[in-house]
Amino acid sequence: DLPAYARALRVFVPFSLAEATLRVTPVLALDDTATVTLKFGTGLSYEPLSVRRVWSTGTTPGLDIHAYTV
């Protein structure tokens, strides 16, 4: 769980990975078990999705994830 909800995410996928997945719970989800799996290619990506939880299960290890909060 994030202490402050993220308004967007910045995700860096190392060049050693061809692609990566990130499992999150959006702010507007009905409950804490509702998830969305995002897919990213190698490099830096920005995801303008408000999230309240980032899951370790279902997320590719080795990602650098930064949350933008207000």
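Sorted by first and then second residue, the salt bridge (charged side-chain N to carboxylate O under 4.0 Å, His left out) pairs involving residues 1-29 (not counting sequence neighbours) are D1-R53.
Y46 and F40 sit in two unconnected hydrophobic clusters of ILVMFWY residues. Membership requires side-chain heavy atoms under 4.5 Å apart, directly or through other members. Hydrophobic clustering keeps V27 apart from L9 (ILVMFWY residues linked when any side-chain heavy atoms are closer than 4.5 Å, directly or through intermediates). One hydrophobic cluster, built from ILVMFWY side chains closer than 4.5 Å, holds both L17 and V54. Side-chain heavy atoms closer than 4.5 Å link hydrophobic residues (I, L, V, M, F, W, Y) into clusters, and following such links, even through other members, never connects F12 to L49. Cluster annotation: V51 and L38 are assigned to the same hydrophobic cluster (Ile/Leu/Val/Met/Phe/Trp/Tyr, side-chain heavy-atom contacts under 4.5 Å, transitive).
The minimum heavy-atom distance between P14 and G62, with the atom names listed, is CG-O, 3.3 Å.
Looking at residues two or more places apart in sequence or on another chain, you find a side chain to side chain contact (heavy atoms under 4.5 Å, CB included) between T21 and T37, K39, T60. Looking at residues two or more places apart in sequence or on another chain, you find no side chain to side chain donor-acceptor pair (under 3.5 Å) involving S50. In this structure, the side chain to side chain donor-acceptor pair (under 3.5 Å) partners of T33, at least two apart in sequence or on a different chain, are D31.
No side-chain donor-acceptor contact under 3.5 Å links T35 and W55.
Counting non-hydrogen atoms of other residues, nucleotides and ligands closer than 6.0 Å to CG of L30 gives a total of 12 or fewer.
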Side chain to side chain contact (heavy atoms under 4.5 Å, CB included) evaluation trace for D32 with R52: CA-CA 9 Å; D32 287 339; R52 61 182 175 194; 3.5 Å; yes
Under 3.5 Å, sequence neighbours excluded: what are the donor-acceptor pairs made by side chains of residues 63-70?
none

